[in-house]
Amino acid sequence: MVRGVSVDVEAVKAAYEDVRDDESETVYALLTYQENNTKIGVLKTGGDYSQVVEVLGDESTEEPGSGMRAYIYLRVTTGDEMSKRSKFVLLTWCGQAVPVLKKAKMSLEKTEVKKIIEAFSVEVQTSDLEDMSLEKILETVRKSGELTTALAKLNSLLHLHYNLQQPRLQEDTFMI
């Protein structure tokens with residue numbers, strides 16, 4: 001636990017597992033600071049990500065002038081008709097009106113959240129509502145997948161090159 005802020009472990013873990021469950025309609029878990037900013041808990045979960053953007057865009061949900069801080073765990077589907085798969089994204093939202101000290105503490109507090117939310121392909125941190133659009137997130141996930149594929153291909157080429165450079169014994173050579 002980070003000094004002064006705890007995580008509602010049971011509720012966050014249950015929401016995390018619900019989002020990861022392919023049989024569940026739940027595609028997001030919205031975690032916010034609650035109880036006078038002393039606890040990170042689940043504000044809501046659901047199947048319509050646009051609800052998250054609505055909440056983040058409504059700065060009146062927090063104390064006036066303080067801005068909102070939140071973590072969102074999101075399941076998105078990528079691929080084509082032949083090969084669909086779920087990818088998971090961890091989004092960190094820090095409203096533009098959040099004081100500097102609270103922004104700085106978020107990195108430590110996020111560490112506690114990541115002890116529960118361990119599996120994700122992409123992590124995005126932003127204070128720009130445009131970055132939170134589903135289209136932008138899907139683009140980021142797609143680019144991440146393309147980069148992973150390109151790195152895998154490069155690794156294979158390097159491995160092949162390395163193997164070709166190694167001296168080999170002829171099969172009919174015996175060592176004594």
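Numbering starts at 1 and runs along the sequence shown.
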Would you check if [X] and [Y] make a side-chain contact, meaning some heavy-atom pair closer than 4.5 Å?
X    : Y    : result
I72  : L31  : no
K105 : V5   : no
M68  : V55  : yes
T140 : V124 : yes
V141 : K143 : no
V76  : V27  : no
D22  : S86  : yes
T45  : V19  : no

Output the distance between atom [atom1] ([X]) and atom [atom2] ([Y]), rounded to the nearest 0.5 Å.
X    : Y    : atom1 : atom2 : result
K39  : Y33  : NZ    : OH    : 14.0 Å
Y73  : I116 : OH    : CD1   : 12.5 Å
I40  : D8   : CD1   : CG    : 10.5 Å
D131 : L91  : CG    : CG    : 10.0 Å
S133 : D128 : OG    : CG    : 9.5 Å
K13  : E10  : NZ    : CD    : 9.5 Å

Within 45° cone and under 6.0 Å: R75 NZ/CZ vs F88 ring: no

Yes or no on side-chain contact (heavy atoms from CB on, under 4.5 Å) for W93 and L129, after CA distance, side-chain angles and deciding distance? CA-CA 9 Å; W93 171 261; L129 208 51; 3.9 Å; yes

Provide the closest heavy-atom pair for [X] versus [Y] in the form atom of the first, atom of the second, distance.
X   : Y    : value
D18 : S24  : OD1-OG, 2.7 Å
C94 : S127 : O-CB, 2.7 Å
A70 : L30  : CB-CD1, 3.8 Å
Y28 : L74  : CB-CD1, 4.1 Å

Using only heavy-atom distances, determine whether the side chains of S50 and D48 contain a donor-acceptor pair under 3.5 Å.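 Distance-only check passes for S50 and D48.
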
Any luck finding a side-chain donor-acceptor pair between Y16 and E118 under 3.5 Å? no

Pick out which of K84, K87, R85 makes a side-chain contact (heavy atoms from CB on, under 4.5 Å) with T77. K84

Pick one: which of K102, K103, R69 meets salt bridge (Lys or Arg N to Asp or Glu O under 4.0 Å) with E109?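 Between E109 and the candidates, salt bridge (Lys or Arg N to Asp or Glu O under 4.0 Å) is satisfied uniquely by R69.
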
Mind checking what makes salt bridge (charged side-chain N to carboxylate O under 4.0 Å, His left out) contact with K114, not counting sequence neighbours?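 By the salt bridge (charged side-chain N to carboxylate O under 4.0 Å, His left out) rule, K114 matches E123.
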
For K44, salt bridge (charged side-chain N to carboxylate O under 4.0 Å, His left out) partners two or more places apart: none

E54 vs Y49, side-chain contact (heavy atoms from CB on, under 4.5 Å): CA-CA, chis, key distance, verdict: CA-CA 9 Å; E54 287 175 19; Y49 176 72; over 6 Å; no

Strictly distance-based, threshold 3.5 Å: is any side-chain N or O of N36 a donor or acceptor partner for the main-chain N or O of T38?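 Between the backbone of T38 and the side chain of N36 there is no qualifying donor-acceptor contact (under 3.5 Å).
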
Are the charged groups of E139 and K136 less than 4.0 angstrom apart, N to O? no

Apply the test side-chain contact (heavy atoms from CB on, under 4.5 Å) to residues K110 and Q125: give CA-CA distance (whole Å), side-chain angles for both, the deciding distance (0.1 Å), then the verdict. CA-CA 11 Å; K110 181 168 43 173; Q125 182 170 338; 3.2 Å; yes

